[in-house]
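Written below as structure tokens is the structure these notes are about.
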Amino acid sequence: MSDTYVVVGAGIVGLYTAYSLVYEAGVSPKNISITAAYIPGDQSINYTSPWAGGNFSCISPGDKKSLSYDRYTYTHLAEIQKKLGGPSCGLDMRPATDYFHKYPPAKKMESLKEYVKDFRVLDESELPKGIAFGISYTTWNFNCPLFLQNLASYLENLGVTIIKKKLEHLSQAFLSPNTKVVFNCTGIGAITLGGVKDTNVYPTRGQVVVIKAPHIQFNMCLWTNESATYIIPRPNSNGELVMGGFLQKGISTGDTFKHETEDIIKRATSMAPQILDRPLDVVRVAAGLRPSRHGGPRIEVEEVEDGKLVIHNYGASGYGYQGGWGMAHDAVRLLIKAQRGSSAVL
Ligand SMILES: Cc1cc2nc3c(=O)[nH]c(=O)nc-3n(C[C@H](O)[C@H](O)[C@H](O)COP(=O)(O)OP(=O)(O)OC[C@H]3O[C@@H](n4cnc5c(N)ncnc54)[C@H](O)[C@@H]3O)c2cc1C
């Protein structure tokens with residue numbers, strides 16, 4: 001029955017969750033439906049995943065759970081890349097440098113050092129003026145819209161059903177009497193969806209400028225108290241470079257602004273002047289809303305009736321690609337635990 005396990009949400013978190021259900025919980029793809037208001041290929045300010053940069057960087061917090069989400073995702077992504085046919089799926093590795101105005105949490109650096117490829121703390125002599133700390137490493141880069149489409153097609157080819165449908169209430173996700181488990185992966189939708197209406201969730205708006213710059217094949221980020229400036233090359237995109245950005249808490253407009261575009265171009269090109277080795281060719285400007293949550297992501301099981309379960313998995317903020325598979329792994333572990341008879345909150 002395709003609706004035994006229902007994943008609400010076809011963003012990166014919902015797709016990672018469906019993938020984990022198949023490969024970690026051993027659920028037959030034919031028993032899984034993904035239902036979502038927006039699916040890969042759609043664009044909406046209420047659908048964050050297509051707007052992400054996206055890469056694995058130092059954006060996520062340094063608490064134990066976030067570190068584990070990042071670690072799990074980074075160390076497992078090669079498996080998805082292989083299953084989806086290699087780097088042309090929109091997932092590949094590139095060099096990265098992160099600069100910090102202030103020292104980042106030591107625990108985070110210690111954790112990254114353990115598993116991130118080519119991790120190196122930069123010598124003081126390598127740091128630009130005004131920078132307190134820097135690291136270089138090899139990271140994962142996503143061509144987000146392409147990767148989403150490829151992951152969704154991969155799941156469909158396995159036998160997962162994708163249904164485009166907006167829900168007013170989470171109870172509608174119990175598509176039939178056969179539905180036993182619903183995964184709530186609604187991102188920013190968790191603010192308004194009946195049965196959830198999580199007041200801890202809030203948007204963190206970002207604006208990005210996408211340019212054609214095939215000569216830039218490295219990531220760079222500059223983290224200060226006031227801003228995050230980053231450049232992210234998109235694999236298999238004919239040389240697109242995403243430049244950002246903004247982290248505007250509580251702002252929910254999908255509009256884009258000329259003064260923000262100019263500010264991003266100024267910050268990104270002074271951080272990486274090599275961008276201007278070719279004339280600036282702006283392809284598009286876009287905005288998206290990171291699904292942030294006070295207290296971090298909600299990964300929690302709820303028994304609704306007669307042993308039927310809802311497993312919440314949302315609140316990935318600015319790190320759904322780089323940590324979302326770790327979140328999905330924990331959500332699916334909750335299912336496995338509950339099915340063994342001991343429901344719990346991780
Ligand atoms: C500018 C920008 C840059 C970013 N860069 C990075 C980066 O470099 N690396 C990184 O890891 N992350 C990055 N992020 C963050 C990343 O995009 C998010 O963490 C991620 O996309 C969240 O995915 P999600 O699946 O939780 O939410 P979404 O992608 O929003 O998906 C939610 C899904 O739930 C569905 N849904 C919601 N409500 C309902 C309802 N009522 N009925 C039916 N369906 C519903 C939606 O239709 C959608 O399918 C960036 C974000 C932005 C905005």
Side-chain angles (χ1 to χ4, degrees), residues 6-18 34-60 69-70 73-74 77 96 139-145 147-148 151-152 162-170 172-173 182-197 201 203-210 219 221 228 230-232 234 242-248 251 254 256 260 264 285-293 297-298 312-328:
V6 175
V7 176
V8 188
I12 188 61
V13 174
L15 298 184
Y16 278 148
T17 300
I34 298 173
T35 181
Y38 298 99
I39 60 172
D42 294 343
Q43 289 189 358
S44 164
I45 193 57
N46 297 313
Y47 184 30
T48 307
S49 293
W51 306 118
N55 68 359
F56 181 103
S57 75
C58 290
I59 193 168
S60 51
Y69 303 147
D70 280 0
T73 309
Y74 186 100
L77 278 171
T139 200
W140 286 108
N141 277 57
F142 298 83
N143 178 337
C144 296
F147 182 69
L148 275 183
L151 185 51
I162 298 185
I163 305 160
K164 191 170 155 61
K165 182 181 172 193
K166 183 173 190 316
L167 308 181
E168 299 306 323
H169 197 281
L170 190 61
Q172 293 170 296
V182 165
F183 284 85
N184 170 21
C185 306
T186 48
I188 209 77
I191 299 174
T192 48
L193 177 61
V196 185
K197 295 201 175 172
V201 179
T204 301
R205 179 183 172 276
Q207 179 166 315
V208 293
V209 180
V210 185
N219 299 269
C221 295
Y230 55 83
I231 58 168
I232 303 176
R234 277 194 157 162
V242 179
M243 306 195 298
F246 286 95
L247 297 164
Q248 298 167 331
I251 306 285
T256 60
E260 292 189 352
I264 289 169
V285 175
L289 306 179
R290 300 173 180 90
S292 301
R293 184 170 184 272
R298 182 179 180 200
H312 299 282
N313 184 16
Y314 60 84
S317 193
Y319 38 91
Y321 283 85
Q322 76 171 57
W325 192 0
M327 289 169 59

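Excluded from the calculations below are hydrogen atoms, water molecules and symmetry mates; all remaining heavy atoms, backbone and side chain alike, are included. Counting starts at 1 for both ligands and their atoms, following the listed order.
Between Ala52 and ligand 1, not a single N/O pair is under 3.5 Å apart. Taking distance alone, with nitrogen or oxygen atoms compared against 3.5 Å, Gly320 approaches ligand 1 more closely than that limit. Here's the thing with Tyr321: one of its N/O atoms is less than 3.5 angstrom from an N/O atom of ligand 1. When only interatomic distances are considered, the shortest N/O to N/O separation between Thr48 and ligand 1 falls below 3.5 Å. Between Ser49 and ligand 1, at least one N/O pair is under 3.5 Å apart. Checking only distances, Lys166 never comes within under 3.5 Å of ligand 1, N or O to N or O.
Between Val13 and Tyr314, the closest side-chain pair of non-hydrogen atoms is not below 4.5 Å. Residues Thr73 and Gln322 form no side-chain contact, since every pair of their non-hydrogen atoms from C-beta on lies 4.5 Å or further apart. A 4.5 Å side-chain heavy-atom check between Leu170 and His312 finds at least one atom pair inside the cut-off. Residues Ile34 and Thr17 form no side-chain contact, since every pair of their non-hydrogen atoms from C-beta on lies 4.5 Å or further apart.
Contact annotation for Lys165 and ligand 1: only backbone heavy atoms (N, CA, C, O) come within less than 4.0 Å of the ligand. With a heavy-atom cut-off of 4.0 Å, Leu193 touches ligand 1 through its side chain alone.
Comparing Gly54, Gly318, Gly14, Gly189 by heavy-atom distance to atom 10 (C) of ligand 1, the nearest is Gly318. Counting heavy atoms only, Gln322 comes closest to atom 11 (O) of ligand 1 of the residues Gln207, Met327, Gln322, Arg290. Nearest to atom 39 (C) of ligand 1 by heavy-atom distance, out of Thr73, Val208, Thr186, is Thr186.
The aromatic rings of Phe142 and Phe147 stand perpendicular to each other, their planes meeting at an angle above 60°, with 30° marking the opposite boundary. Ring geometry for Phe56 against Tyr74 counts as perpendicular: the plane angle is over 60°, on a 0 to 90° scale with 30° as the lower cut.
In terms of modelled atom types and a separation under 3.5 Å, the side chain of Trp51 and the main chain of Ser44 share a donor-acceptor contact. Of the possible polar contacts, none joining the Thr48 side chain to the Gly288 backbone as a donor-acceptor pair under 3.5 Å is found.
Looking at atom 41 (N) of ligand 1, its nearest protein heavy atom turns out to be Leu167 O, 2.8 Å. Looking only at heavy atoms of the protein, atom 15 (C) of ligand 1 is closest to Ser317 O, 3.2 Å. Nearest protein heavy-atom neighbour of atom 24 (P) of ligand 1: Val13 CG2, 3.9 Å. Closest to atom 48 (C) of ligand 1 among all protein heavy atoms lies Tyr47 CD1, 3.6 Å. When hydrogens are left out, the protein atom nearest atom 47 (O) of ligand 1 is Tyr38 N, 2.8 Å; that is the closest non-hydrogen contact. Scanning the protein for heavy atoms near atom 44 (N) of ligand 1, the closest one is Ala37 N, 3.0 Å.
In this structure, Cys185 counts as a contact residue of ligand 1, since one of its heavy atoms falls inside 4.0 Å of the ligand. At least one heavy atom of Tyr319 sits closer than 4.0 Å to an atom of ligand 1.
The two residues Cys144 and Ser49 have their closest heavy-atom pair at CB-O, 3.7 Å.
With values rounded to the nearest 0.5 angstrom, Ile39 atom CD1 is found 14.5 Å from Lys165 atom NZ.
Thr139 and Asn55 are not linked by any side-chain donor-acceptor pair at a separation below 3.5 angstrom, with hydrogens and angles left out of the test.
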